[in-house]
Amino acid sequence: MSQGTKKNRVTKKSRGTRVTGIGRLLIAVYGVLALAATGRSFVQIVGKFDEAPLAYTLSALAAVVYIVATVALMRPSTAWYRVAWITIGFEMLGVLVIGTLSLVDPALFPHDTVWSVYGRGYLFIPLVLPILGMWWLSRHRPTGPSESAS
Amino acid sequence: MIEWFTWVQLAVAVLGGLLCLALGLAGRKPSDLTMGATALVEVLLIVQLIIALIAPAVGNHPTGSLLEFYTYLISAILLPVGAGFWALVERSKWSSVILGVACLSVGVMLYRMLQIWTVQGA
């Protein structure tokens, strides 16, 4: 449709922030996933916690990590950048480990978590998102050591 | 839950979502059209909430967990509001895309809600 005249005029301007271009979409999707994970773990913990304390505690943990990751992606500082890496790395690890375990030994996780079967219950978004997240982070390092991490 | 209403609502959410997504990716900023579509999705969700509140009283009971149903419904109600505010604060093409993502997410959640209410819930 449009002639493609406006190429990358956005990216250069705001160097400190990661809330640019398609990164906004990433953050929005993270937000939705955080909401979904929180909602599910809320239902599980309020409704039937005794049935599978381990799986449901894990669900809650995953939900918290998604929330922190969403916030960390939005924040410009170097410290938050590190937090984003840690939380997204944790998600990647979680979805791979729990996903594999749930396939190898289904008895271990009879109840669904966000990460069961690599996030099948969530259209595999939990598997794809950390990969996109890490790619995004690696391309948007905070510039210079201007802010000393605390 | 009224089944045909939910299907109509689901269609609106999916079509509206695809519309916002397409216009956003084509470089359009949030407009009356995309904001209107999102607002329509939101209004239908409120109607759904009212229906859900009344339905059990007139003998229309969910087969699955009501707690789960409401968690989905409340989350779904929050989504278009959040995306809408985002679109108001920041007028870029990505805001249109985010409107689309929110509407499509609502569509998925509506489908889950329909399952919980009509088919024995998970």
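Throughout, protein chains are lettered first and strands after them, A, B, ... in sequence-line order, and every chain is numbered starting at 1.
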- Task: Can you tell which part of S75(B) gets under 4.5 Å to a heavy atom of chain A, answering side chain, backbone, both or neither?
- Result: both
- Side chain, backbone, both or neither of L67(B) within contact of chain A (heavy atoms, under 4.5 Å): both
- What residues form a ring-ring contact (aromatic ring centres under 6.0 Å, His included) with Y70(B), not counting sequence neighbours? none
- Task: Anything under 30° is parallel, anything over 60° is perpendicular, the rest tilted; go ahead and classify W117(B) against F69(B).
- Result: perpendicular
- Task: Can you label the angle between the W115(A) ring and the F90(A) ring as parallel, tilted or perpendicular, going by 30° and 60°?
- Result: perpendicular
- Query: Does a side-chain N-to-carboxylate-O contact under 4.0 Å join R24(A) and E90(B)?
  - Reply: yes
- Contact winner vs chain B - L35(A), V46(A), V32(A), heavy-atom pairs under 4.5 Å: L35(A)
